Amino acid sequence: GGYYHWGDPDHIRYNGIDYILVPIYSIVACFRAADLYYLNYAKFDNHVEGGWCAIGVDNCLYSSSDDPSSVVKYEVDWDNLTDGNSSNHDALTYSASYNLHKSNGSALTLTDMQGGEFSNSGEMLYLVSGRGACFEWLGIPGAAWTPHDGIHAIATENWTEIDQSKKNSAPTTYFSFDYDPTCIICKIAGIPVGGGSDTPEGLTIWDLEDDSNSNIKGGLHVLIDRYLVGGTNCDDELFFHHYSSKVYVDNNSNGGAGLLGLESNPFNTVNNAYSYYGIWDGATMVIKAGNYNDTGIYNKRILITSEGGPAIIGQ
């Protein structure tokens, strides 16, 4: 139908059947998940540009403009959208817009939206935004990375940003999302024909925290697309960042340098695990069996669990 540039998709189970929703700028297309059979599409209105979509726990569809300061909610006629024989493309009804806020209460505006998805509880909306600067080859000065770029954790209770990823890999940064927005120019016979750079792309919630069959851990997974100069053209190379809600503690650990709190490099005290980064609401602290002399005040909403036997704290 002339629609192009597929955005960040999401999934819904409706009446016992799984579907994939793919935003394609001004429309969202519906596919049956089992065999990716195309069923129908619905048209967005002028509130959004449709580069991403996320299905809430209320079965409503959420999206935004490309440079948003708010998230838009749509009621969905799922019977119509999942009907492979329907020629009706008016399955979305505008419901509300929710303004985004920084933690200090000021307005939050993002640039170049790439993807979003709700946590399973619906308490959090994770968004990823930004792109590399590759306008130089057209002779247009382009801005590179901006402070708005990266991953944003939004609490849906008040649509306020809890945290934003940090663009570095420093040991004190647990929410790192490092990528290089520097523009690479692609040339054929010495003539610039295009360019690319590391660009944030989509994200998904997929609980692999305790999946022993997977080589990947974590619950939030975010894609980076790197354009490389490969001979006479630009080749895509993909990178994934994986984020876990678990922070590990083991009193037998030396608490060495690096990204502390990983299963392979745990903290050695409960207090360090709690305060080194500043633990976040919703985190899980996994404490290896043993005795810990830590005392203090812990006022974050976290799950504390032991591993390998009882963990005794403060005695």
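Position 1 is the first residue of the sequence; numbering continues from there. As a basis for the values below, the full set of heavy atoms in this structure was taken, side chains included, without hydrogen atoms, waters or symmetry mates. Just so it is clear, the structure is predicted and the values come from calculations on it, not from any experiment.
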Enquirer: Judged by atom type as modelled, is there a donor-acceptor pair below 3.5 Å linking the side chain of D66 to the main-chain atoms of T111?
Expert: no
Enquirer: Using the benzene-type ring in the case of Trp, are the ring centres of H221 and F240 under 6.0 Å apart?
Expert: no
Enquirer: From R13 CZ over to I55 CD1, what is the distance, rounded to the nearest 0.5 angstrom?
Expert: 14.5 Å
Enquirer: Using the side chain to side chain contact (heavy atoms under 4.5 Å, CB included) rule, take T305 and T284 through it: C-alpha gap first, then chi angles, then the decisive distance, then the call.
Expert: CA-CA 7 Å; T305 181; T284 297; 4.0 Å; yes
Enquirer: Would a distance-only check, ignoring hydrogens and angles, find a side-chain to backbone donor-acceptor pair under 3.5 Å from S253 to P266?
Expert: yes
Enquirer: Does any N or O in the side chain of D8 come within less than 3.5 Å of the main-chain N or O of G115, such that one atom is a donor and the other an acceptor?
Expert: no
Enquirer: Find out whether C53 and L21 are in side-chain contact, i.e. whether some heavy atom of one side chain is under 4.5 Å from a heavy atom of the other.
Expert: yes
Enquirer: To the nearest 0.5 Å, tell me how far Y19 OH sits from L36 CG.
Expert: 13.5 Å
Enquirer: Quick check: are there more than 12 heavy atoms from other residues, nucleotides or ligands sitting under 6.0 Å from CH2 of W280?
Expert: yes
Enquirer: How far apart are the closest heavy atoms of D149 and Q164, and which atoms are they?
Expert: O-NE2, 2.9 Å
Enquirer: Would you please name every residue forming a salt bridge (Lys or Arg N to Asp or Glu O under 4.0 Å) with D45, sequence neighbours left out?
Expert: none
Enquirer: Do the two ring centres, one from F44 and one from Y74, sit under 6.0 Å apart?
Expert: yes
Enquirer: Working note: F267 + Y248, criterion ring-ring contact (aromatic ring centres under 6.0 Å, His included); need CA distance, chi angles, decisive distance, verdict.
Expert: CA-CA 6 Å; F267 289 105; Y248 288 87; over 10 Å; no
Enquirer: Can you check whether G278's main-chain N or O pairs, donor with acceptor, with S275's side chain at less than 3.5 Å?
Expert: no
Enquirer: Do the two ring centres, one from Y62 and one from F118, sit under 6.0 Å apart?
Expert: yes
Enquirer: Checking ring-ring contact (aromatic ring centres under 6.0 Å, His included) for the pair F239/Y179: CA distance, chi angles, key distance, verdict?
Expert: CA-CA 10 Å; F239 295 85; Y179 67 96; over 10 Å; no
Enquirer: Tell me whether K246 is salt-bridged to D210, with the criterion being a basic N under 4.0 Å from an acidic carboxylate O.
Expert: yes
Enquirer: To the nearest 0.5 Å, how far apart are CG in N293 and CD in Q315?
Expert: 10.0 Å
Enquirer: Could you tell me which non-hydrogen atom of G130 sits nearest to which non-hydrogen atom of P200, and how far apart they are?
Expert: O-CD, 3.4 Å
Enquirer: Does the ring center of Y3 lie less than 6.0 Å from the ring center of Y25?
Expert: no
Enquirer: State the NZ-NE2 distance between K43 and H89, to the nearest 0.5 angstrom.
Expert: 7.0 Å
Enquirer: Report yes if some heavy atom in the side chain of S129 is under 4.5 Å from a heavy atom in the side chain of D112; otherwise report no.
Expert: no
Enquirer: For residues S244 and E209, report the shortest heavy-atom separation together with the two atoms involved.
Expert: OG-OE1, 2.8 Å
Enquirer: Are K300 and D281 close enough for a salt bridge, meaning some N to O gap below 4.0 Å?
Expert: no
Enquirer: Side chains of Y277 and N272 only: does a donor on one sit below 3.5 Å from an acceptor on the other?
Expert: no
Enquirer: For the CG atom on N120, are there more than 12 heavy atoms of other groups (residues, nucleotides or ligands in this structure) within a distance under 6.0 Å?
Expert: no
Enquirer: Supply the atom-to-atom distance L127 CG to S64 OG, rounded to the nearest 0.5 angstrom.
Expert: 7.5 Å
Enquirer: Would you say the side chains of S86 and N80 form a donor-acceptor pair under 3.5 Å?
Expert: yes
Enquirer: Hey, is K73 close enough to D58 for a salt bridge, meaning N to O under 4.0 Å?
Expert: yes
Enquirer: Between Y292 and D250, which heavy-atom pair has the shortest distance, and what is it?
Expert: OH-CA, 3.6 Å
Enquirer: Tell me, yes or no, whether the heavy-atom count around Y298 atom OH, taken from other residues, nucleotides or ligands under 6.0 Å, exceeds 12.
Expert: yes
Enquirer: Determine, stepwise, if the pair I287 / V270 fulfils side chain to side chain contact (heavy atoms under 4.5 Å, CB included).
Expert: CA-CA 8 Å; I287 306 176; V270 173; 4.0 Å; yes
Enquirer: In Å, rounded to the nearest 0.5 Å, how long is the span from CG of L220 to OH of Y243?
Expert: 7.5 Å
Enquirer: With a 4.5 Å cut-off on side-chain heavy atoms, are N251 and T269 touching?
Expert: no
Enquirer: Indicate whether any N or O donor in one side chain lies under 3.5 Å from an N or O acceptor in the other, for D79 and Y14.
Expert: yes
Enquirer: At their closest point, which heavy atom of D67 faces which heavy atom of E49, and how far apart are they?
Expert: N-OE2, 4.5 Å
Enquirer: Check for a donor-acceptor pair, side chain of D225 on one end and backbone N or O of T199 on the other, with a separation under 3.5 Å.
Expert: no
Enquirer: Return yes if a side-chain donor-acceptor contact under 3.5 Å exists between E123 and T156, otherwise no.
Expert: no
Enquirer: Do any side-chain atoms of residues 95-105 form donor-acceptor pairs under 3.5 angstrom with protein atoms, and if so which ones, sequence neighbours left out?
Expert:
residue : atom : partner : partner atom : Å
S97     : OG   : Y94     : OH           : 2.9
H101    : NE2  : N99     : O            : 3.4
N104    : OD1  : S106    : N            : 2.9
N104    : OD1  : S106    : OG           : 2.6

Enquirer: Enumerate, atom names and distances included, each donor-acceptor pair closer than 3.5 Å involving a side-chain atom of residues 28-35, sequence neighbours excluded.
Expert:
residue : atom : partner : partner atom : Å
R32     : NE   : D35     : OD1          : 3.1
R32     : NH2  : D35     : OD2          : 2.8
D35     : OD1  : Y37     : N            : 3.1

Enquirer: As a test of understanding, state which of N15, I12, D83 forms a side-chain contact (heavy atoms from CB on, under 4.5 Å) with W78.
Expert: I12
Enquirer: Could you pull out the closest heavy-atom pair between I279 and A273, with the gap in Å?
Expert: CD1-O, 4.0 Å
